[in-house]
Enquirer: 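Questions regarding the structure given below will be posed in turn.
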There are 2 protein chains.
Amino acid sequence: MFDQFKNKFPVNEQKWNDYISCFKRLEVPAKTTLLQEGEISKKLFLIEKGCIRVWFNNNGKDVTFQFFFENSTVASIESFRKEFPSPVSIETIEPSVLWWIHKKDIDRIIEEIKDVPLLRDKLINALFDRTFDYMKHFFSFIKNTPTERYLNLLQEKPQIVQRIPQHYIASYLGVSTVHLSRIKSKISKQKQ
Amino acid sequence: MFDQFKNKFPVNEQKWNDYISCFKRLEVPAKTTLLQEGEISKKLFLIEKGCIRVWFNNNGKDVTFQFFFENSTVASIESFRKEFPSPVSIETIEPSVLWWIHKKDIDRIIEEIKDVPLLRDKLINALFDRTFDYMKHFFSFIKNTPTERYLNLLQEKPQIVQRIPQHYIASYLGVSTVHLSRIKSKISKQKQ
DNA sequence: TGTATTTGATAACAAATGTTATCGTCCCAC
DNA sequence: GTGGGACGATAACATTTGTTATCAAATACA
């Protein structure tokens with residue numbers, strides 16, 4: 001699991017083994033809650049197999065915010081960093097194999113790698129990229145219609161459309177399940 | 001202008017003078033374009049007086065994305081960092097007094113301060129905060145109705161409602177000018 | 001394999017929001 | 001001062017999207 005990341009981390013063998021030994025394996029069924037809205041996030045998850053959604057309760061309605069697949073890390077980033085109650089819940093969609101690491105270990109590792117210029121820049125770049133991602137996603141909410149957002153999703157993240165139940169996708173796109181159904185039916189009629 | 005920031009920058013007098021001498025003063029009328037969509041951003045602006053909006057052209061429609069007031073810095077952050085063509089334009093709303101600095105100077109300064117742990121952490125924190133801001137703004141688009149978004153704006157950023165022409169606010173909130181007008185009229189009727 | 005649950009499509013109707021047009025007011029440049 | 005443009009309110013109508021309900025198909029699982 002971790003070998004694929006090894007060449008990206010210019011640290012010595014001992015450090016590397018120290019770091020990866022902080023991760024614990026976890027096998028869970030679908031619909032397992034990994035973090036409950038309101039809790040303070042203490043764990044970062046790495047997905048070996050399966051997928052995860054981040055969602056929140058909006059007046060009783062379940063609104064999905066993000067999806068994560070294999071080889072991604074997941075945490076309620078604001079809660080994890082600032083030790084705030086998390087505004088979101090984290091839940092598996094499929095039965096999943098995960099690796100998790102405790103915040104105190106991550107904090108130590110980040111503290112250590114911040115002195116390695118290459119890794120420090122990588123961290124900063126990752127933060128920039130995360131910001132751009134939010135910006136882009138947000139842009140598409142202002143700029144595009146729900147139909148356009150769905151077409152973009154099909155093109156840019158086909159994995160989501162293929163693997164994720166439609167009602168999660170609907171709230172992710174900001175529309176009702178009924179409307180997403182209408183959008184799909186309209187598109188398939190146009191193609192004919 | 002710069003004295004207010006001085007105590008936040010633990011660098012020696014010489015460095016400090018070097019840094020602030022990179023900024024040039026600029027006085028411009030309202031509706032001045034500081035960066036055109038499609039250009040590569042090379043300047044970072046600091047606002048001494050006035051306000052600025054960041055917007056983009058969406059099929060001929062002018063969509064405002066962000067507002068900035070006194071003591072804020074403004075740039076097309078993705079374009080500035082990655083030297084991409086900017087997806088947004090930057091324009092003054094009011095007649096403004098600005099200070100700008102060239103990208104090459106900023107890059108040098110960031111490179112230098114990255115070795116000062118305190119400033120390095122500040123930079124990283126600033127990036128986290130920026131990410132949270134986007135997330136929060138985005139959340140409100142999914143979570144709230146346009147009316148709720150307007151009420152939040154009134155409460156959290158009254159400056160925007162007071163100083164910015166309404167049609168810019170409408171596109172910022174993701175509604176038509178007519179609908180924002182309806183929202184305002186509905187609210188004022190409820191208060192009576 | 002059979003049954004319950006989840007998922008998705010569709011119809012009918014309701015509510016929210018956009019579009020176009022018109023009008024009044026304010027303000028700035030001449 | 002005054003004429004034109006920017007700004008904002010409002011009405012009438014069109015379109016989009018949500019809501020509720022129902023049914024069919026797929027899937028999970030005992």
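Here is the naming used below: chain letters follow the sequence lines, and residue numbers restart at 1 for every chain. Values reported hereafter were calculated over all heavy atoms of this structure, with side chains retained and with hydrogens, waters and symmetry mates removed.
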Enquirer: Given dT10(C), dT19(D), dG18(C), identify the nucleotide with an atom nearest to the side chain of S176(B).
Expert: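 For the S176(B) side chain, the nearest candidate turns out to be dG18(C).
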Enquirer: Of all the nucleotides listed (dT7(C), dT17(C), dT17(D)), which has the minimum atom distance to the side chain of H179(A)?
Expert: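 Among the listed nucleotides, the one closest to the side chain of H179(A) is dT17(D).
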Enquirer: Quick one: which of dT7(C), dT19(C), dT10(C) gets closest to the side chain of H167(A)?
Expert: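 Given the options dT7(C), dT19(C), dT10(C), the side chain of H167(A) is closest to dT7(C).
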Enquirer: Which of these nucleotides, dA9(D), dT17(D), dG18(C), is closest to any side-chain atom of R182(B)?
Expert: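 For R182(B), the side-chain atoms sit closest to dG18(C).
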Enquirer: Knowing that exactly one of F56(A), F141(A), W55(A) qualifies, which makes a ring pair (Phe, Tyr, Trp, His ring centres under 6.0 Å) with F139(B)?
Expert: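 Answer to the ring pair (Phe, Tyr, Trp, His ring centres under 6.0 Å) test with F139(B) among F56(A), F141(A), W55(A): F56(A).
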Enquirer: Given dG8(D), dT10(D), dG8(C), identify the nucleotide with an atom nearest to the side chain of S185(B).
Expert: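 Of the candidates, dT10(D) comes closest.
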Enquirer: Compare side-chain N and O positions of K186(B) against OP1 and OP2 of dT17(C) and report whether any pair is under 4.0 Å apart.
Expert: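 So the side chain of K186(B) is outside the cut-off, no N or O lying under 4.0 Å from OP1 or OP2 of dT17(C).
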Enquirer: As a test of reading the structure: which of dA11(D), dG8(C), dA21(D) is closest to the side chain of V178(A), going by heavy atoms?
Expert: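 Looking only at heavy atoms from C-beta outward on V178(A), the closest nucleotide is dA21(D).
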Enquirer: So if I take every side-chain heavy atom of K31(A) and compare against dG18(D), dT7(C), dC7(D), which nucleotide ends up nearest?
Expert: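 Per side-chain heavy atoms of K31(A), the pick is dT7(C).
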Enquirer: Can you check whether Q166(B) has a side-chain N or O nearer than 4.0 Å to OP1 or OP2 of dA9(D)?
Expert: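 Yes, because at least one side-chain N or O of Q166(B) sits under 4.0 Å from OP1 or OP2 of dA9(D).
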Enquirer: Please, which pairs that meet salt bridge (charged side-chain N to carboxylate O under 4.0 Å, His left out) have at least one residue in residues 52-62 of chain B, sequence neighbours excluded?
Expert: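 Non-adjacent pairs meeting salt bridge (charged side-chain N to carboxylate O under 4.0 Å, His left out): R53(B)-D62(B), R53(B)-E91(B).
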Enquirer: Are F23(B) and F2(B) an aromatic pair, judged by ring center distance below 6.0 Å?
Expert: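 F2(B) vs F23(B): aromatic centres under 6.0 Å.
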